[in-house]
Amino acid sequence: LNKIIEGSGINSKWGALEIGPGAGTLTRALSQNSKKTVAIEIDKRLMPLLDYTLGEFKNTKVINEDVMAVDLDALISEEFGDMDVAVCANLPYYITTPIIMKVLEDCHRVRSMTVMIQKEVAERMVAKPGGKDYGALSVAVQFYTEPKIVCQADPHCFMPQPKVASTVISLKVLDKPCVDVKNKKLFFEIVKSAFGQRRKTLLNALSKSPYIKVEKEIIMGAIENAGLSADIRGERLSLGDFAKVCDYIDERIKK
């Protein structure tokens, strides 16, 4: 718990937004270290328990909602005013990526996310170009944040023991995306296309993409303009490389 708090950067002037408080163990720690804590819990059966475990904290509020159905940006503005906000959570593995991307894409006041997730997913988030773990998730997370592994949490740390190891990762949200692209939608369509068929070269992956319709000559021009080899695969491109390819294609599409 202490490592999650430290990794998040929370202090007595910050707001804390927790997703999935469960029995409220992390929520208590957040309440003790933040100016205000808001927890979103989907399971209404846990509400009486949370009322009991968090009753002593006057700076804490629990909302019984599905986080994927909530307008998080509006909720943060309403609950936290002008406070800096950190998101903390022990995320369910099956919905880790959708929740993280929802926060990063929709919430403009969040300064950090510190979450416990499956070890393999955390490794993909911090992966660098050229490695087997580097993929679309790596690019998406690093586009918005500076990811850093905080600590490992082995199965024996929990009761009952899960079948997989967990990792606490801190995502420090950047003031602006790490690369400047003129068409963010196209950028991510190119990234998804590049990693959707990892065995194919970037040229073939983009020319046969279900997300974008661009002539092969334009794609080849984009690859050459970025200073990349004709047979390069998507897994070897940095975020800057993807941005160069995207801007070149975007300019040609507009013409």
Side-chain angles (χ1 to χ4, degrees), residues 1 3-10 16-27 29-30 37-43 46 62-73 75-76 85-107 110-128 131-155 157-174 177-178 188 191-192 195-196 198 235 239:
L1 293 177
K3 288 180 179 178
I4 292 175
I5 299 297
E6 291 169 9
S8 70
I10 288 173
L17 177 66
E18 185 184 8
I19 299 168
T25 305
L26 175 59
T27 323
L30 293 172
T37 294
V38 175
I40 302 174
E41 175 54 58
I42 191 173
D43 191 344
L46 290 172
V62 180
I63 299 172
N64 182 205
E65 293 282 358
D66 176 358
V67 68
M68 296 303 294
V70 173
D71 183 339
L72 287 179
D73 207 38
L75 182 145
I76 288 170
V85 176
V87 173
C88 296
N90 296 318
L91 292 178
Y93 290 161
Y94 74 95
I95 201 170
T96 292
T97 300
I99 289 177
I100 288 176
M101 294 314 301
K102 177 180 173 70
V103 172
L104 295 180
E105 291 174 347
D106 297 348
C107 303
V110 171
R111 295 290 169 260
S112 72
M113 290 189 73
T114 307
V115 293
M116 183 180 291
I117 58 178
Q118 189 172 343
K119 179 175 179 286
E120 289 76 12
V121 177
E123 289 172 347
R124 292 205 295 271
M125 289 182 179
V126 300
K128 299 302 180 186
K132 64 180 178 62
D133 292 326
Y134 184 68
L137 180 61
S138 316
V139 174
V141 168
Q142 293 170 35
F143 183 83
Y144 291 107
T145 77
E146 180 183 326
K148 179 181 178 182
I149 300 293
V150 175
C151 64
Q152 306 291 343
D154 294 325
C157 297
F158 303 94
M159 184 66 71
Q161 289 191 23
K163 295 180 180 180
V164 295
S166 299
T167 294
V168 175
I169 188 169
S170 173
L171 309 176
K172 181 181 178 183
V173 179
L174 302 171
C178 72
F188 284 111
V191 170
K192 285 191 293 183
F195 291 107
R198 292 182 73 102
E235 64 198 45
L239 274 74

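By convention here, the first residue in the shown sequence is residue 1.
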For Phe188, ring pair (Phe, Tyr, Trp, His ring centres under 6.0 Å) partners two or more places apart:
Phe143

How far does CD1 of Ile10 sit from CG of Leu30, to the nearest 0.5 angstrom?
5.0 Å

With Asp73 via salt bridge (Lys or Arg N to Asp or Glu O under 4.0 Å) - residues at least two apart:
none

Looking at residues at least two apart in the chain, or sitting in another chain, which of them share a side-chain hydrogen bond (donor to acceptor under 3.5 Å, both in side chains) with Thr27?
Glu18

For residues 85-101, run the donor-acceptor check on the side chains, cut-off 3.5 Å, and write out each pair with its distance to 0.1 Å, sequence neighbours left out.
{"from": "Tyr93", "atom 1": "OH", "to": "Ser166", "atom 2": "OG", "distance (Å)": "2.2"}
{"from": "Thr96", "atom 1": "OG1", "to": "Pro92", "atom 2": "O", "distance (Å)": "3.1"}
{"from": "Thr96", "atom 1": "OG1", "to": "Tyr93", "atom 2": "O", "distance (Å)": "3.4"}

Sequence-distant partners of Val168, side-chain contact (heavy atoms from CB on, under 4.5 Å), two or more places apart
Ile4, Thr114, Met116, Val150, Cys151

Below 3.5 Å, can you tabulate the donor-acceptor pairs from side chains in residues 63-70 to any protein atom, sequence neighbours excluded?
{"from": "Asn64", "atom 1": "ND2", "to": "Glu41", "atom 2": "O", "distance (Å)": "2.9"}
{"from": "Asn64", "atom 1": "ND2", "to": "Ile42", "atom 2": "O", "distance (Å)": "3.3"}
{"from": "Asp66", "atom 1": "OD1", "to": "Met68", "atom 2": "N", "distance (Å)": "3.0"}

Which residue pairs satisfy the side-chain hydrogen bond (donor to acceptor under 3.5 Å, both in side chains) criterion with at least one member in residues 116-128, sequence neighbours excluded?
Gln118-Glu120, Lys119-Glu123

The salt bridge (Lys or Arg N to Asp or Glu O under 4.0 Å) partners of Arg111 (sequence neighbours excluded) come to Asp84

Could you go through the side-chain contact (heavy atoms from CB on, under 4.5 Å) check for Ile40 and Leu72 one step at a time?
CA-CA 10 Å; Ile40 302 174; Leu72 287 179; 3.8 Å; yes

Residues Lys172, Thr145; criterion side-chain contact (heavy atoms from CB on, under 4.5 Å); working and verdict:
CA-CA 5 Å; Lys172 181 181 178 183; Thr145 77; 5.7 Å; no

Heavy-atom pair with the smallest gap, counting every atom of Leu17 and Leu75:
CD1-CD2, 4.2 Å

Considering all heavy atoms, the nearest Leu239-Cys178 contact
CD2-SG, 3.3 Å

Residues which pass side-chain contact (heavy atoms from CB on, under 4.5 Å) with Glu6, listed by chain and number, not counting sequence neighbours
Asn2

Look at atom NZ of Lys102 and say whether more than 12 heavy atoms of other residues, nucleotides or ligands are closer to it than 6.0 Å.
yes

Can you name the residues that form a side-chain hydrogen bond (donor to acceptor under 3.5 Å, both in side chains) with Asp133, not counting sequence neighbours?
none

Minimum heavy-atom distance between Pro147 and Gln142, given as atom pair plus value
CG-CG, 3.9 Å

For Lys148, which residues count as a salt bridge (Lys or Arg N to Asp or Glu O under 4.0 Å) partner, sequence neighbours excluded?
none

